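Working notes, beginning with the structure itself.
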2 protein chains.
Amino acid sequence: MSLPHALLTALIERPHSSGLELARRFDKSIGHFWQASHQQIYRELGRLEADGLIASEAEAEARGRKRNYHVLPAGEQALRDWLGEADASTPLRDTLMVKLRADAVLGPERSDTPALIAAIEDRLTQHRDKLAQYESFAVRDMAHPDPDRAVRIRQLILQAGLRHESGWVETLEQALERLKVQNS
Amino acid sequence: MSLPHALLTALIERPHSSGLELARRFDKSIGHFWQASHQQIYRELGRLEADGLIASEAEAEARGRKRNYHVLPAGEQALRDWLGEADASTPLRDTLMVKLRADAVLGPERSDTPALIAAIEDRLTQHRDKLAQYESFAVRDMAHPDPDRAVRIRQLILQAGLRHESGWVETLEQALERLKVQNS
DNA sequence: ATTGTTTTTGCAACCCGTTGCAAAACATCG
DNA sequence: CGATGTTTTGCAACGGGTTGCAAAAACAAT
């Protein structure tokens, strides 16, 4: 349940953003570790406003029905309170692990291993792409001469992403290796 | 959407299991990478039976209204078909990353960093515990003399879990390190 | 015998994420 | 001007995951 807090964060970072602007920025920054569709974002902005955590004004001289939002003091307070709440660790939850287990249980004869290998290779390229993307971010971000606190935190988040993706690449490469040995 | 397939897998591995038995086994094996509550499991067993992928018989001489399920040929086929389907990579999705970003955006004065540090330390112990648990599994599992295909796959899954948890431990330790340096 | 406890199953409601679609306001171009 | 497209907002419906609660059936206790 972090979408509201992610939105508050994005709105403090750049006040007077509209729903669509937030959706676009989600895709490029926060979205790397917390995804949200524009429908979700509109719904949540409505709730945050109803709860008195943000406020908005309609912008004239704009297309559609553009509304610009900003965070109220109560919203900032809510965000600060939330920082201290403990949350349960995200458990590993991945369909590929289920597939591997299914393959093991079905056994080499009854399972369709070539198809599984194709599925794994597909996932592998996805993670390699993401990894390459993060690495290109890293070239920009890590070369900071005298990073302040905010920059150091961004670097930290990026490294978490790098570790995550390279971990998957490693796991999947190992899986392919082992599945292709077809004895017993 | 892997719960039905996880259940098929568990039922092929050990046929004539009841809903509760499956729920208990989920907690101990498949649950490490695909969690499900007993309510979910009962609901899904009902659907699988309605779809003709599994069948069940009521067991007399048992408490409650125990039913034992087994997989039908159509169920095994559905599982095999599913193995080849490509699935999208699980994107990183974690509240702590959101919190770190929120802290960075609020800045060292406005944010409540000590509370955040406490939250991170809490998470850190969770991941350390999980890691220790996996390591104890590894002692049993990796010491296999001549592992067959099924065992090799189990080892693979376990290593993925180990990588996942130790990755988080590393990330969180680094986060604490950086957050405790309070310049600028 | 009745009262409670345990096992097993399951319903109902809610929240979040997803998908499909549409309305409002403006822009553009023939 | 009218038709068509674009931007921005948003609704409706569905499905999975979560929580709370309860019914059915056997067993235990006093």
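Quick caveat, the model's predicted, so the values are computed rather than measured. Residue numbers start from 1 in every chain, and the chains themselves are labelled A, B, ... in the order their sequence lines are given, proteins ahead of strands. No hydrogens, no waters, no symmetry mates; every other heavy atom, side chains included, goes into these values.
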Given C/dA24, is OP1 or OP2 found less than 4.0 Å from the side-chain N or O atoms of A/Arg63? no

Centroid separation under 6.0 Å, is that true for the rings of B/Phe137 and B/His32? yes

Tell me which nucleotide among C/dT18, C/dT9, C/dA23 gets nearest to the side chain of B/Arg65. C/dT9

For the pair made of CZ in A/Arg47 and P in D/dG10, what is the distance, rounded to whole Å? 14 Å

Short side-chain to backbone donor-acceptor contact, A/Gln155 and A/Asp141, under 3.5 Å: yes

Between B/Arg67 and B/Glu59, is any pair of side-chain heavy atoms under 4.5 Å apart? no

Could you check whether A/Ala62 gets within reach of a base, just the sugar-phosphate, or nothing at all, counting any heavy atom under 4.0 Å? sugar-phosphate

Taking for A/His38 and for B/His38 the nucleotide of DNA chain C with the nearest heavy atom, the one nearer the 5' end belongs to B/His38

Please state how far atom OH in A/Tyr42 lies from atom C1' in C/dT19, giving the value in whole angstrom units. 17 Å

Round to the nearest Å and state the distance from B/Ile41 atom CD1 to C/dT7 atom C1'. 16 Å

In whole angstroms, how far is the C1' atom of D/dA23 from the CG atom of B/Leu20? 15 Å

Can you find a donor-acceptor pair, distance only, under 3.5 Å between B/Gln39 side chain and D/dG20 base? yes

When A/Leu3 and B/Arg67 are each assigned the nearest nucleotide of DNA chain C, the 5'-most assignment goes to B/Arg67

Can you measure B/Trp34 atom CH2 to D/dG16 atom P for me and round it to whole angstrom units? 11 Å

With A/Arg128, the salt bridge (Lys or Arg N to Asp or Glu O under 4.0 Å) member among A/Glu165, A/Glu121, A/Glu173: A/Glu173

Given atom CE of A/Met1 and atom P of D/dG17, what is their separation to the nearest angstrom? 19 Å

Would you state whether a donor and an acceptor, one from the side chain of A/Glu44 and one from the base of C/dG17, lie under 3.5 Å apart? no

Less than 3.5 Å apart, any donor N or O on the side chain of B/Ser29 or B/Arg154 sitting next to an acceptor on the other? no

Candidate nucleotides C/dT8, D/dA13, D/dT18, ranked by approach to the side chain of A/Arg43 - the nearest: D/dA13

Looking at B/Arg24, does any N or O in its side chain come under 4.0 Å of the phosphate oxygens OP1/OP2 on C/dT8? yes

